[in-house]
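This report refers to the structure that appears directly beneath it.
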Number of protein chains: 2
Amino acid sequence: MTTKWLSQAEQASWRNYILTAHDLAAALEADLAVHDLTMGDYEVLVWLSEAEDNRMRMCDLAQSLQLSPSGLTRRLDGMVKAGWVERASCAQDRRVMYAHLTTTGRAKMEAAAPTHVDSVRRHVLDPLGAEGVAQLGEIFGRIREHLLELELTRV
Amino acid sequence: MTTKWLSQAEQASWRNYILTAHDLAAALEADLAVHDLTMGDYEVLVWLSEAEDNRMRMCDLAQSLQLSPSGLTRRLDGMVKAGWVERASCAQDRRVMYAHLTTTGRAKMEAAAPTHVDSVRRHVLDPLGAEGVAQLGEIFGRIREHLLELELTRV
DNA sequence: GATAGGTACTTGCGTGTGCAACGAACCATA
DNA sequence: TATGGTTCGTTGCACACGCAAGTACCTATC
C-alpha cells in the first residue's frame, strides 16, 4: 500500500473510465437492439461463425465468452429456440455438447455485424483515431498481462 | 458506414479492451470481498461520504451511480439493514428521500477504502505508469464527449 | 476391469437489475 | 383554489447470471 489515496489526476482518469465504460456498453447494446439482439447473443454468433465448422464445445465457448457454464446453457436455450444455434453431441466424448451455428444464425450475424461494427467505429474508433486505438489496445494489454501475472502468483 | 469490417489492429485493440474490462472488474470485486462489500455498495458509501452532510437525494444518487431508481431502492434496502445508511425524508419536498451515511457506514467505508485504492493501484495504475494513466483518462474522456454529443443530436 | 478422481453440462436456488405501473407530492396555469 | 402535467420513490414482474449440487461420462491407477 504505497499511498493511501489517489492523486487528483489518477482519480479523474479512473472515474472517466468507470463512468464511460458503463455508458459505452449501453450505447453498443442499444444500437444492436434494432436487430433484436443483445450483445451477449451477438458475441455467441461471432465466436461460432469464426470457429471451425461453425461449432464449439460448450466449455470452450463459455470460457471465450467469460461466462459460467450455467450462464451459457441458458443463453443457448434462447438462441436454440430462436433457431440460430443447434446443440449437437460429440461422438468421441459423449459428455460434451457442441453449439453449432445454423444458417439462420449465420444470416442473423451477417445482418447485424455491419450495425455493430459501425457502432464500435462511431463510438470508439473514430473519436480516438488510429493512435488512440493503438493506445487503447496497449493499455488494456498491459493491464491484462498484470492480471494474469497476479493470478498465477496467487495459485 | 465507412468500412464493413475492423482492421486487424482495430480488432485486437477492441478485443483487448472487452476481455480485460470484464476480468478487471472481477478482480476489483474480489479484493473488496474481504470486507464483505460489493463494488456497488462501496460506491454508494463513497458517494455519500463525499456529499454534503453525508447525504444525497435518491434520484441524484441513482444518477451518480448510473443505476435505475428501482435498482437504488433495493440496493439501499440492504445497506439500511446493514446499518450503513439511513433513509430520511425531506421537509422541503416530501416526495424525496435522502440516503444518509451513518457513522457505522463511514467506518465501513474508511476501512475498505485503502483496500480498494490499493487494488486499483495494483491492477491499473502501477502497470500503466503516470503516462499510461493519463492516456487512459484522455481516451475515455474523448469517448465520453462523443457519447454525450451523439445523445444530444438524437434528441 | 474395478474403482477413484476429474470433466462436461444441466438444474435449483438466490441475487441484482431494469421496465412499467402506481401513489404521493409538487407546480403551473386558469 | 381547482386541475393537468411532472417528478420522486417504491413495488410487481421478468430476466440474466453465478454458485452449488447432481448426473453422465471419461481416464488413470491398481
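Chain letters run A, B, ... following the sequence lines, proteins first and then strands; every chain starts at 1. These numbers were taken from a predicted model, which means no experiment stands behind them.
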Quiz item: Going by heavy atoms in the side chains, are V124(A) and I143(B) under 4.5 Å from each other?
Solution: yes
Quiz item: Base, sugar-phosphate, or nothing: which does L72(B) touch, judged by heavy atoms less than 4.0 Å apart?
Solution: nothing
Quiz item: For atom CD of E50(A), is the number of surrounding heavy atoms from other residues, nucleotides or ligands below 6.0 Å larger than 12?
Solution: yes
Exercise. Send over the distance from L67(A) CG to dC19(D) P, rounded to a whole Å.
Key: 11 Å
Distances under 3.5 Å between protein N/O atoms and the N/O atoms of nucleotides 11-15 of chain C, please, pair by pair.
unit_1: dG12(C); atom_1: N7; unit_2: R74(A); atom_2: NH2; d: 2.9
unit_1: dG12(C); atom_1: O6; unit_2: R74(A); atom_2: NH1; d: 3.0
unit_1: dG12(C); atom_1: O6; unit_2: R74(A); atom_2: NH2; d: 3.0
unit_1: dC13(C); atom_1: N4; unit_2: R74(A); atom_2: NH2; d: 3.4

Quiz prompt | L48(B) side chain reached by N54(B) side chain, heavy atoms, under 4.5 Å | solution = no
Could you run down the sub-3.5 Å N/O contacts of the protein with nucleotides 26-28 of chain D?
unit_1: dC26(D); atom_1: OP1; unit_2: R94(A); atom_2: N; d: 3.1

Quiz item: Between atom CD in Q63(A) and atom C1' in dA8(C), what is the gap in whole Å?
Solution: 13 Å
Exercise. Mind calculating the distance between CE (M97(B)) and P (dC26(C)) to the nearest angstrom?
Key: 14 Å
Exercise. Return the value, rounded to whole Å, for the distance between atom CG of L76(A) and atom P of dC15(D).
Key: 18 Å
Quiz item: Is E86(B) salt-bridged to R55(B), going by a charged N under 4.0 Å from an acidic O?
Solution: no
Exercise. Using a strict 4.0 Å threshold on nitrogen-to-oxygen distance, state whether R57(A) and D60(A) make a salt bridge.
Key: yes
Practice problem: Evaluate the side chain to side chain donor-acceptor pair (under 3.5 Å) criterion for residues D31(A) and H123(A): first the C-alpha distance (whole Å), next the side-chain angles of each, then the deciding distance (0.1 Å), finally the verdict. | Solution: CA-CA 11 Å; D31(A) 283 346; H123(A) 289 304; 3.2 Å; yes
Exercise. Let me know, please, whether M58(B) or G40(A) comes out on the 5' side of the other along DNA chain D by nearest nucleotide.
Key: M58(B)
